[in-house]
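Some notes on the structure that comes next.
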Amino acid sequence: MIKRETIDGREAFVAYLTRDMEPADEDDAELIKVIFDDGQVMFLTASGDDAEVSGISSATC
Amino acid sequence: MKLFFHIGGQTLRLRDADWKEDEHKRDEGGKFTAGSSPNGSERRSEETSSRDYIGNHEHRQALADDIVKQYGLHPIRIEMNDLGGDYALGTAGGRTHVNLNSAFFTPEKLAKYAKEWDGALVGAHADDPQATARAVILHEIGHVAMRQIQGQSPEGTRRSKAVREYDERWRAIEDAADRFHQWQDSAEGWPVSAYAQEASNEAAAEAFAAQHLGEVAAGPPEKREMALKKAKEFWDELRAFGVPGRTQDAEWKEDEHKRDEGGRFSTTGGGGEGKTTSPPAETRPSEAATTEPVGRPPPGLPPKIHRALGDYGFRYVGKDDAVETNYSGDYEEGDYYRYEHPSGDKIAVRLGPDEDAVRWHYEHVADHTKQNGYGSNWELALKNAKIPFGKGEREKRDYEKTWERRQEEKSGQRKAKQRQDYPEQFHLIDQMAKKYNYPADKFEVLDPAGGGFTGTVNGRTFNVAGWAEPDSGRIVMNSTVSLDGYNKYLAHEIFHQKQFAAERNDPAITRYIKENGFRLEEDDGLTAYSRDWWGEFRTVQNRINPEKADMDRARSVAVMETLAEMAAKKEGADIKFTSTYETLYDMINTAYAKTREA
């Protein structure tokens, strides 16, 4: 799922993903990729335990 | 952490192995000769062992006289003025004199600055306030020397031969300083000091001190040797212009010569005592409020200024054509860029006559005080802004730690430390950077414990794993990201950056995307990830009366993500995508390679 969001006052596309880089609902997303309109690209992992942080390992986000 | 350039409690000094005194004979007036003593170390020894630059004005003047004689300059007066605590420590007085602020030129203050500036200013040494005082004087003399070489503007119309020749000469010298400054900031370069990175005129002044003293402020031996050699070559280039005839402008007025605005060396840029506090030993600079990306700079403002303000936690809030200078209704006109800090503090900056000379106004909201200044020293002002300005305790800011971090960054120390802390990550980064022809020094690996690594999206908290900045090319990684699959992630982000750079430099890329828009959409990258982005594009496209700008943005992002996904899939695997995408992929790689060659 990809949505338009405003984050800290900045417009952005937000892609919600599973850790295998498959599209996911926003509530189930383990990874998100944020592309701000000013060009900044950011990727985030669901907050929680270390396992979730390491979930980025299989991602190509 | 103690200041960044200490190594084992010693500031390493360097002799310029290439400097040959015999080739620079003494007392050849007007030829800018070097070497009034047999060698640099004796010169330094004489200058520091027998002179009191802090307390004895004759000794200060003697230093200036020695320099004048040694380099064939016109006389330079050293003047002491009580300019108060809200002014610069020293300023270059055009081509004729140096102003030193007696409010700061005291044993106590110089001892403090010596510790603070060790490693940041050529010739400043933590254990040697006299050397530090001399360093300040040499720095300002460097400014004056450059102005003397540039000469005095002749009388005449702008079209007269004399004026045109003067303008050309002036510009050629400024350009030389620009080139030296840029070399210092390049991947191949190394700065003579952190302060030398502030602006081209500061680079020139610091280089003057470096070539005179035969030392640079910091760095590995081979880097320092290279920086010193370059500083000498730069001043060789300047002195080749010669020093035009003696000037008659003893009453030189800086206000009439705005080009000199950058020639200041400020301690605080603000009011009060200008007190500074050393950071606790062995503590790492906080990453808090320094790691969050700051977005694209507003049009007209150099990215490095925007980035620096962002590092201090400021956010751009808009442009204005004037700024209030006090609380009495006075204002100053100009194209000001306004920034605000979460604490409420505000700063407005505008560009001076040259890009690096910033005019700034800072408002301490909590204290209801304002300060302002010129030049490239606004970061020093920010650094000291946490100090109470005569009205008791106030909230501590993180500016000082940020300032230290930025000096570390400028000196290369910060990245060197990261490489020590995260060798496995940088091993992979180096491999991938080489493989994909992307500069390894664009990468950073940061510890999330420093803060700034969480974000809230739709009410959920996420860990920031990393980000990429299109303008700077910087790619930042959270150090906790697993190394498994690191290469694919890096391939993805590197390709984003290559595409940004390639599109900036080769219009054929954008043209190809435009001409093949339909094919790119139809092929859609073939993965669920890329299809999702193209699905978003179609969602926008299918709106009733969709805005063209929205469609363009969605298409652009879909192409960008598909290409980056291609790069990740190709990493370690022989995978071919459709010819439309393969062609575009190759075009970007080729165009990017050309930008690196350039």
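Naming: A, B, ... by sequence-line order, numbering from 1 per chain.
For a residue to count as touching a neighbouring chain, one of its non-hydrogen atoms must lie under 4.5 Å from one of that chain's; by this rule B/Ala491 does not touch chain A. Interface residue A/Ala29: backbone and side-chain heavy atoms are both found under 4.5 Å from chain B. The parts of A/Glu26 that come within reach of chain B are both its backbone and its side chain, each placing non-hydrogen atoms under 4.5 angstrom from that chain. Proximity to chain B involves both the backbone and the side chain of A/Ile2, based on heavy atoms less than 4.5 angstrom apart.
At least one donor-acceptor pair closer than 3.5 Å links the side chain of B/Asp532 to the backbone N or O of A/Met1.
Taking the charged nitrogens against the carboxylate oxygens, B/Glu493 and A/Lys33 do have a contact shorter than 4.0 Å, which makes a salt bridge.
Closest of all the heavy-atom pairs between A/Gly39 and B/Phe500 is O-CZ, 3.9 Å. Scanning all heavy atoms of the two residues, the minimum distance from B/Trp533 to A/Ala15 falls at CZ2-CB, 3.4 Å. The heavy-atom pair separating B/Ala528 from A/Glu22 by the smallest distance is CB-OE1, 3.1 Å.
Enclosure of atom NZ in B/Lys435 by more than 12 non-hydrogen atoms of other residues, nucleotides or ligands within 6.0 angstrom is indicated.
By number of non-hydrogen pairs under 4.5 angstrom with chain A, the leading residue of B/Arg553, B/His496, B/Arg531, B/Met560 is B/Arg553.
Annotation: the span from B/Asn463 atom CG to A/Ile32 atom CD1 amounts to 10.5 Å, rounded to 0.5 Å.
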Trace of the side-chain contact (heavy atoms from CB on, under 4.5 Å) decision for A/Phe43 with B/Met477: CA-CA 10 Å; A/Phe43 65 105; B/Met477 297 290 291; 4.2 Å; yes
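Contact of the B/Trp467 side chain with the A/Val41 side chain is not registered, since no non-hydrogen atoms from C-beta on lie closer than 4.5 Å.
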